Structures are given as C-alpha cells and as structure tokens.
Trainee: 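Pasting a structure below so you can have a look.
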Amino acid sequence: MEFFCYHRDRVGSLPLRRELGEAHWAYMDQYEAELIARGPTFAADGETPTGSVHIVDLPDSAAARSFAFDEPNYQAGAYRDVLLRRWRNLLGRTMWEFPGGRTDGNRYLVIGLGPGPEADLQIPDDQDELIAYGPLLSDDGEVWLGTAALVRMPEVEAARGVLTEGRYADIEVHAWEFGGRR
C-alpha cells in the first residue's frame with residue numbers, strides 16, 4: 001500500500017532539525033527500499049525548511065502510522081502536524097526514475113484537498129514534468145480526498161495548474177527538492 005506523508009515544520013524548529021539531521025537520515029535509511037519519493041519543502045526564501053515529504057510503500061496503515069510518528073523529528077517536536085493519507089502511484093515509478101533528473105529546474109509539491117467530487121484521477125497529458133502523481137485516499141483506499149504531485153515547473157502558478165482549479169477546497173504549492181542520500 002502506498003502512503004503520502006507530509007510532516008509540516010513547527011515555527012522555529014530549524015535548530016532542532018539540524019541537531020537531529022543524522023538521526024532522521026538513519027531512520028529513513030531503514031526505509032530505503034520502500035521509498036517512492038522524499039524531500040524537504042521550503043519557504044519563499046528557498047532556504048528555510050517548512051516540511052518533509054515522504055511517499056512510501058508499506059504493508060498497511062499501522063506500518064504507515066509507525067513510519068510517520070516514530071520519525072525522530074516528529075518525536076522531538078520539530079513538526080507541528082502530519083498529513084498521512086493512502087496514495088496511489090499513477091506514474092508507477094520512483095522519483096529516482098524521473099527522466100528529468102534530480103537538479104534541473106524548479107521543483108514543487110502540489111497538494112489539492114477537496115470535498116469531492118473526484119478530480120484529476122488521470123495522469124495529465126503533459127506528464128514530462130511529473131515526478132510523482134496520485135490521488136490522496138481514505139484509510140480504506142475507497143474515498144478520494146484530494147491529489148498530491150511532485151512536479152518540475154518554471155514557477156509556482158504553472159505548478160498549481162497541474163491540478164484543476166475550482167475542484168479543490170484549496171491547492172497548496174510548496175518549493176520542494178529531491179531528498180535522500182542517493
């Protein structure tokens with residue numbers, strides 16, 4: 001089962017995150033084979049971390065909750081909240097298989113949360129800039145709750161345009177970069 005996990009930073013948590021950097025890396029190393037995508041999000045300055053995205057393939061919801069809530073930064077209070085949802089990998093690949101590579105262009109996390117009806121369940125026609133893409137689902141995987149994507153786009157509004165305007169209660173766009181030791 002695939003899960004989307006977004007830990008959002010608590011204001012002022014950067015010193016704590018720096019202190020726990022190696023503990024975070026060591027924890028994530030345990031999940032290397034299960035990770036589909038990962039990486040930090042940033043504030044408008046492009047340098048201040050605002051969160052951490054992990055898309056992971058785990059056996060069940062209990063394993064996903066353990067993954068999210070046993071993470072060292074979460075345990076130490078660096079994160080203010082966690083968005084944890086079932087997810088479906090519509091691209092069928094990991095971020096490391098993205099043909100555009102790790103570094104060229106601007107990268108974004110795009111999250112659309114909505115009350116329904118379902119939207120954006122098909123891969124957009126121009127998928128060359130999609131790093132990861134799929135629906136956010138209820139715990140049982142039956143109810144659509146939104147869509148999450150990692151994209152390479154020239155700017156924020158182009159990233160926002162990956163999701164259908166007006167079909168979501170809100171569309172969040174966060175600067176993002178590839179994470180991991182690979």
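A quick note: this is a predicted structure, and the numbers were derived from the prediction, not measured. We're numbering straight along the sequence, starting at 1.
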Trainee: I want to check something: taking the side chain as every heavy atom from C-beta on, are Ser52 and Arg17 in contact at a cut-off of under 4.5 Å?
Mentor: yes
Trainee: May I ask you to decide whether Arg107 forms a salt bridge with Glu177, counting only side-chain N to carboxylate O separations under 4.0 Å?
Mentor: no
Trainee: Report the residues that fulfil ring pair (Phe, Tyr, Trp, His ring centres under 6.0 Å) with Phe67, sequence neighbours left out, ordered by chain and then residue number.
Mentor: Tyr31, His54
Trainee: So, are Asp139 and Arg86 salt-bridged, with charged N and O less than 4.0 Å apart?
Mentor: no
Trainee: Could you report the tightest heavy-atom contact between Ala159 and Val173, atom names first, then the distance?
Mentor: CB-CG1, 4.0 Å
Trainee: Are any of the side-chain nitrogens in Arg8 or Glu172 under 4.0 Å away from the carboxylate oxygens of its partner?
Mentor: yes
Trainee: Quick one: salt bridge (Lys or Arg N to Asp or Glu O under 4.0 Å) partners of Glu157, sequence neighbours excluded?
Mentor: Arg160
Trainee: For residues Leu130 and Met95: do they belong to one hydrophobic cluster (side chain heavy atoms under 4.5 Å, members Ile, Leu, Val, Met, Phe, Trp, Tyr)?
Mentor: no
Trainee: Please report the shortest heavy-atom distance between Tyr133 and Ile123, naming the atom on each side.
Mentor: CE2-CA, 4.2 Å
Trainee: Just by distance, with hydrogens left out, do Thr147 and Asp120 show a side-chain donor and acceptor under 3.5 Å apart?
Mentor: no
Trainee: Nearest 0.5 Å, please: how far is CD1 in Ile55 from SG in Cys5?
Mentor: 10.0 Å
Trainee: Tell me if the aromatic rings of Tyr74 and Phe69 count as close, with their centers under 6.0 Å from one another.
Mentor: yes
Trainee: Which residue, Phe42, Tyr6, Tyr108, forms the ring pair (Phe, Tyr, Trp, His ring centres under 6.0 Å) with His174?
Mentor: Tyr6
Trainee: Is Trp87 reaching over with its side chain to a backbone N or O of Gly134, donor-acceptor style, under 3.5 angstrom?
Mentor: yes
Trainee: If you measure from OG1 on Thr94 to CG on Leu35, what distance do you get to the nearest 0.5 Å?
Mentor: 9.5 Å
Trainee: With no hydrogens and no angle check, is any side-chain donor or acceptor of Asn89 less than 3.5 Å from a backbone partner on Arg93?
Mentor: yes
Trainee: Counting only heavy atoms not in Gln122, do more than 12 fall under 6.0 Å of its CD?
Mentor: no
Trainee: Is there a path of hydrophobic side-chain contacts, each under 4.5 Å between heavy atoms of I/L/V/M/F/W/Y residues, joining Val110 to Trp144?
Mentor: yes
Trainee: Excluding sequence neighbours, so at least two apart, what forms salt bridge (Lys or Arg N to Asp or Glu O under 4.0 Å) with Asp57?
Mentor: none
Trainee: Which is it for Arg85 and Leu83 under the side-chain contact (heavy atoms from CB on, under 4.5 Å) test, yes or no, and what are the steps along the way?
Mentor: CA-CA 7 Å; Arg85 291 286 178 223; Leu83 173 61; 3.9 Å; yes
Trainee: Go through the steps to decide whether Asp70 and Tyr27 satisfy the test side chain to side chain donor-acceptor pair (under 3.5 Å), and finish with yes or no.
Mentor: CA-CA 9 Å; Asp70 290 345; Tyr27 183 80; 4.8 Å; no
Trainee: Does Ile36 share a hydrophobic cluster with Val151, counting links as ILVMFWY side-chain heavy atoms below 4.5 Å and allowing steps through other members?
Mentor: no
Trainee: Could you walk me through whether Arg65 and Leu84 pass the side-chain contact (heavy atoms from CB on, under 4.5 Å) check?
Mentor: CA-CA 8 Å; Arg65 283 190 293 278; Leu84 180 63; 3.8 Å; yes
Trainee: Would you find more than 12 non-hydrogen atoms of other residues, nucleotides or ligands less than 6.0 Å from Glu22 atom CD?
Mentor: yes
Trainee: Flag yes if Leu163 and Leu145 sit in one hydrophobic cluster, no otherwise; membership is Ile, Leu, Val, Met, Phe, Trp, Tyr, and two members link when side-chain heavy atoms are under 4.5 Å apart.
Mentor: no
Trainee: So, the side chain of Glu155 versus the backbone of Ala158: is there a donor-acceptor pair under 3.5 Å, distance only?
Mentor: yes
Trainee: Determine whether a donor-acceptor pair (N or O, by modelled atom type, separation under 3.5 Å) exists between the side chain of Glu71 and the backbone of Ala68.
Mentor: no
Trainee: Honestly curious: do Leu91 and Leu150 fall in one hydrophobic cluster under the side-chain, below-4.5 Å linking rule?
Mentor: no
Trainee: Start with the C-alpha distance between Val53 and Trp176, add both sets of side-chain angles, then the distance that settles side-chain contact (heavy atoms from CB on, under 4.5 Å), and finish with yes or no.
Mentor: CA-CA 9 Å; Val53 174; Trp176 172 82; 4.1 Å; yes
Trainee: Quick one: does Pro135's side chain get under 4.5 Å of Leu90's, heavy atoms only?
Mentor: yes
